[in-house]
**Q** 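Okay, here's the structure, questions in a sec.
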Amino acid sequence: MWHAYTNAISIDDVLKVLGEKKERARIVAGGTDLILELERGVRKGIDTLIDVTRIPGIDQITIDEDNVIHLGPLVTHNDCVASKLIRKHAYPLARAAWEVGAPQIRNRGTVAGNLITASPANDTITPLMALGASVTLLSTRGSRTIPLKGFYIGVRKTVMEADEMLVDISFPAMKKTQRGTFIKLALRRVQAISLVNAAIILDRKADTVKSAVITLGAVTPIITHAEEAEKFLAGKKLTEKNIAQAAELAIQAAHPIDDVRGSAAYRREMVKIITARGLRAIRDETEQTGMPKKPILLVGGETASHSMQSASEFPAAPIETTVNGKKYSFKSGHDKTLLRLLREDGMLTGTKEGCAEGECGACTIFLDGKAVMACLVPAPRAHGAEIITVEGLAKDEGTLHPIQETFIENGAVQCGYCTPGFLMSGAKLLEEKPNPTRNEIEQAITGNLCRCTGYYKIVKAIEDAGKL
């Protein structure tokens with residue numbers, strides 16, 4: 001899929017390669033969008049990937065003296081979900097990040113990557129547009145800061161130049177008088193692209209709206225403001241009549257398409273429904289209902305972020321990694337996914353290839369302590385990393401992990417194909433929450449798909465393991 005791969009250790013490393021390769025290079029952080037785009041031919045002519053996950057300090061969420069929040073380019077969706085700062089001062093973004101994929105996806109996927117992919121259905125663009133965000137782009141030619149509303153020029157199109165790196169996302173923290181939310185409508189509860197989404201932020205004085213911001217996703221080529229609804233709400237109380245009128249006005253900003261997931265007429269109607277739903281939630285102060293106070297991240301136990309002293313380039317160098325406590329040196333496989341490196345070059349076939357697109361979770365592994373889907377990780381990311389696969393789940397040879405024992409006791413398998421993924425997700429959950437509730441178990445295994453009828457046994461097996 002790619003010919004050359006660089007593990008960068010500084011932004012200067014990145015800018016140097018971008019300056020040389022331009023259109024032929026892409027930055028990879030999470031890779032949850034990029035890997036699929038390369039495999040499906042959406043991104044053509046790319047022969048070099050630049051990995052930024054080893055650059056120190058670019059995964060921070062901070063707030064400055066002007067009350068402006070900054071997200072580094074390596075901030076993941078789970079970083080936003082877990083951040084007290086984001087949950088308190090930018091709740092619509094935290095909620096949108098929680099709605100993205102599964103825990104394994106959120107552990108890798110970055111907000112910056114979500115913005116750059118530029119799909120109008122991408123969840124974090126809508127709240128960041130509502131928050132008035134800007135992005136800072138850097139190249140060897142200098143830097144520029146662009147309001148997010150001027151960043152997009154069409155579906156999957158931005159004003160970014162080929163030699164630029166997004167180095168900062170910034171937006172004002174919500175004021176004490178503001179409340180906001182994000183609502184997503186999809187064809188299923190999790191692991192689904194938005195049919196329609198909306199971010200709503202209201203600045204209120206007592207029970208009167210001083211100003212309103214409503215942004216809509218997946219209904220126009222570029223995330224748009226429902227301007228007529230915003231103007232209508234200013235100076236009004238959130239009565240049922242006014243909410244209904246604002247929801248009707250929001251439809252005017254929607255110009256959706258018909259596709260296999262839904263008709264344009266249905267999407268327009270849903271704009272009205274979710275706008276009204278969001279306004280009522282803010283009025284009734286129930287906008288955080290359904291958002292867990294301590295969400296499951298699948299990063300429990302020991303996590304590691306191994307720094308490197310110098311940039312590494314592949315295929316010039318072998319991939320040196322540790323898998324299940326054993327050192328490996330791969331002189332091939334730099335141009336494939338980590339899933340295929342483990343299976344084809346490492347002969348570790350316990351990690352299964354189900355969908356190879358981040359949907360089924362059968363390929364779940366631990367990468368530096370975090371649960372991820374190996375099908376969406378480029379193989380050279382393994383360089384200098386510590387990996388655990390299902391073969392290494394039991395620490396003592398000949399002794400099963402408790403969760404393996406309870407899976408056997410409960411008969412928590414059908415065909416057994418996705419069992420390794422469930423075992424890995426369940427084991428990581430138990431590191432994070434030793435005695436999880438059923439709801440927490442369901443949060444943990446949303447990224448794993450059992451195509452048979454044994455799902456309740458799987459939940460019971462993880463429950464029982466937590467009691468051991």
**Q** How far apart are the C-alpha atoms of Thr53 and Asp51, what are their side-chain angles, what is the distance that settles it, and do they pass the side chain to side chain donor-acceptor pair (under 3.5 Å) test?
**A** CA-CA 6 Å; Thr53 59; Asp51 192 316; 2.5 Å; yes
**Q** Can you check whether Leu233 reaches Leu279 side chain to side chain, under 4.5 Å on heavy atoms?
**A** yes
**Q** Within the side chain of Asp47, is there an N or O that forms a donor-acceptor pair under 3.5 Å with the backbone of Trp2?
**A** no
**Q** Restricting to non-hydrogen atoms, name the atom on Ile50 and the atom on Ala8 that form the minimum distance, rounded to 0.1 Å.
**A** CG2-CB, 4.2 Å
**Q** Hey, which of Arg95, Arg179, Arg87 is the one that makes salt bridge (charged side-chain N to carboxylate O under 4.0 Å, His left out) with Glu287?
**A** Arg179
**Q** Considering all heavy atoms of both residues, which atom of Leu195 and which atom of Ala218 are nearest to each other, and what is their separation?
**A** O-CB, 3.4 Å
**Q** With Phe314, which of His383, His3, His334 fulfils ring pair (Phe, Tyr, Trp, His ring centres under 6.0 Å)?
**A** His383
**Q** Could you give the distance from OG (Ser194) to CD1 (Ile183), rounded to the nearest 0.5 Å?
**A** 11.5 Å
**Q** Tell me, yes or no, whether the heavy-atom count around Tyr266 atom OH, taken from other residues, nucleotides or ligands under 6.0 Å, exceeds 12.
**A** no
**Q** Can you confirm whether Ile200 sits close enough to Pro92 that some side-chain heavy atom of one is under 4.5 Å from a side-chain heavy atom of the other?
**A** no
**Q** With sequence neighbours excluded, tell me which residues meet side chain to side chain contact (heavy atoms under 4.5 Å, CB included) with Ser170.
**A** Val68, His70, Ser134, Asp168
**Q** Taking C-beta and beyond as the side chain, do Tyr5 and Asp335 meet within less than 4.5 Å on heavy atoms?
**A** no
**Q** Can Phe151 and Met160 be said to form a side chain to side chain contact (heavy atoms under 4.5 Å, CB included), step by step?
**A** CA-CA 8 Å; Phe151 185 60; Met160 275 187 80; 3.5 Å; yes
**Q** Are the side chains of Met424 and Ile388 in contact, using a 4.5 Å heavy-atom criterion?
**A** yes
**Q** If I compare all heavy atoms of Leu74 with all of Val52, which pair ends up nearest, and what's the gap?
**A** CD2-O, 3.9 Å
**Q** Under 4.0 Å between a Lys/Arg side-chain N and an Asp/Glu carboxylate O for Glu432 and Lys294?
**A** no
**Q** What pair of heavy atoms forms the shortest contact from Val155 to Pro120, and how long is it?
**A** CG1-CD, 4.0 Å
**Q** Before accepting this row, confirm whether a basic side-chain N of the pair Arg40/Glu357 lies closer than 4.0 Å to the acidic partner's carboxylate O.
**A** yes
**Q** Hey, are the side chains of Met373 and Thr337 touching, using non-hydrogen atoms and a 4.5 Å cut-off?
**A** no
**Q** Is it the case that more than 12 heavy atoms not belonging to Lys157 sit under 6.0 Å from its NZ atom?
**A** no
**Q** At what distance, to the nearest 0.5 angstrom, does CG of Asn197 lie from CG of Leu185?
**A** 9.5 Å
**Q** Could you tell me whether the side chain of Cys363 reaches within less than 4.5 Å of the side chain of Lys352, counting heavy atoms only?
**A** no
**Q** Provide the closest heavy-atom pair for Ala264 versus Pro256 in the form atom of the first, atom of the second, distance.
**A** O-CG, 3.4 Å
**Q** Run the salt-bridge test on Arg280 and Glu240 with the 4.0 Å N-O cut-off and return the result as yes or no.
**A** yes
**Q** Does Asp259 reach the main-chain N or O of Gly262 with its side chain, forming a donor-acceptor pair under 3.5 Å?
**A** yes
**Q** State which residues pass side-chain hydrogen bond (donor to acceptor under 3.5 Å, both in side chains) with Lys336; sequence neighbours excluded, sorted by chain then number.
**A** Glu344, Asp345
**Q** Using side chain to side chain contact (heavy atoms under 4.5 Å, CB included), reason through Tyr152 and Ile223 one step at a time and then give a plain yes or no.
**A** CA-CA 9 Å; Tyr152 299 102; Ile223 305 301; 5.8 Å; no
**Q** Side chains of Arg267 and Val271, heavy atoms from C-beta outward: is any pair under 4.5 Å?
**A** no
**Q** Under the criterion side-chain contact (heavy atoms from CB on, under 4.5 Å), which of Lys237, Arg283, Lys236 is the partner of Asp207?
**A** Lys237
**Q** Taking side-chain hydrogen bond (donor to acceptor under 3.5 Å, both in side chains) as the test, write out the residues that go with Glu359, two or more places apart.
**A** Arg188
**Q** Restricting to side-chain hydrogen bond (donor to acceptor under 3.5 Å, both in side chains), what partner residues turn up for Glu227, sequence neighbours left out?
**A** none
**Q** Just wondering, are more than 12 heavy atoms of other shown residues or ligands nearer than 6.0 Å to CG in Leu36?
**A** yes
**Q** For residues 100-118, please give each side-chain donor-acceptor pair under 3.5 Å, one per line with the distance, not counting sequence neighbours.
**A**
unit_1 : atom_1 : unit_2 : atom_2 : d
Gln104 : NE2    : Thr364 : OG1    : 3.0
Gln104 : NE2    : Ser425 : OG     : 3.2
Arg106 : NE     : Asn78  : OD1    : 3.2
Arg106 : NH1    : Trp98  : O      : 3.3
Arg106 : NH1    : Val100 : O      : 3.0
Arg106 : NH1    : Gly101 : O      : 3.3
Asn107 : OD1    : Asn78  : ND2    : 2.7
Asn107 : ND2    : Pro103 : O      : 3.4
Asn107 : ND2    : Leu297 : O      : 3.0
Asn107 : ND2    : Leu298 : O      : 3.4
Asn107 : ND2    : Ala371 : O      : 3.0
Arg108 : NE     : Gly30  : O      : 3.2
Arg108 : NH2    : Ala29  : O      : 3.2
Arg108 : NH2    : Gly30  : O      : 3.0
Thr110 : OG1    : Gly113 : N      : 3.0
Asn114 : OD1    : Thr124 : N      : 3.2
Asn114 : OD1    : Thr124 : OG1    : 2.7
Thr117 : OG1    : Asp33  : OD2    : 2.9
Thr117 : OG1    : Gly113 : O      : 2.9

**Q** Run the side chain to side chain contact (heavy atoms under 4.5 Å, CB included) check on Gln245 and Leu249 step by step: do they pass?
**A** CA-CA 6 Å; Gln245 182 63 31; Leu249 290 170; 3.8 Å; yes
**Q** In Å and rounded to the nearest 0.5 Å, what is the OG1 to CG distance from Thr224 to Leu216?
**A** 6.5 Å
**Q** Kindly indicate, with the supporting measurements, whether the criterion side chain to side chain contact (heavy atoms under 4.5 Å, CB included) is fulfilled by Leu202 and Leu238.
**A** CA-CA 10 Å; Leu202 302 181; Leu238 288 177; 3.7 Å; yes
**Q** Would you say that Leu71 contacts Ile86 through its side chain, given a criterion of any heavy-atom pair below 4.5 Å between the two side chains?
**A** yes
**Q** Around atom NZ of Lys16, are there more than 12 heavy atoms of other residues, nucleotides or ligands at under 6.0 Å?
**A** no
**Q** Between Lys184 and Glu99, does any side-chain N to carboxylate O distance fall below 4.0 Å?
**A** no
**Q** Please round to the nearest 0.5 Å and tell me the distance separating atom CG of Leu18 and atom CZ of Arg24.
**A** 12.0 Å
**Q** Looking at CG of Leu38 and CZ of Arg26, how far apart are the two atoms once the value is rounded to the nearest 0.5 Å?
**A** 8.5 Å
**Q** My understanding is that only residues two or more places apart in sequence, or in another chain, count here; which of them pass side-chain hydrogen bond (donor to acceptor under 3.5 Å, both in side chains) with Thr177?
**A** Asp203
**Q** If you compare all heavy atoms of Thr321 against all heavy atoms of Ala385, which two are closest, and at what distance to 0.1 Å?
**A** OG1-O, 3.2 Å
**Q** Can you tell me how far the CG atom of Leu338 sits from the CZ atom of Arg381, to the nearest 0.5 Å?
**A** 9.5 Å
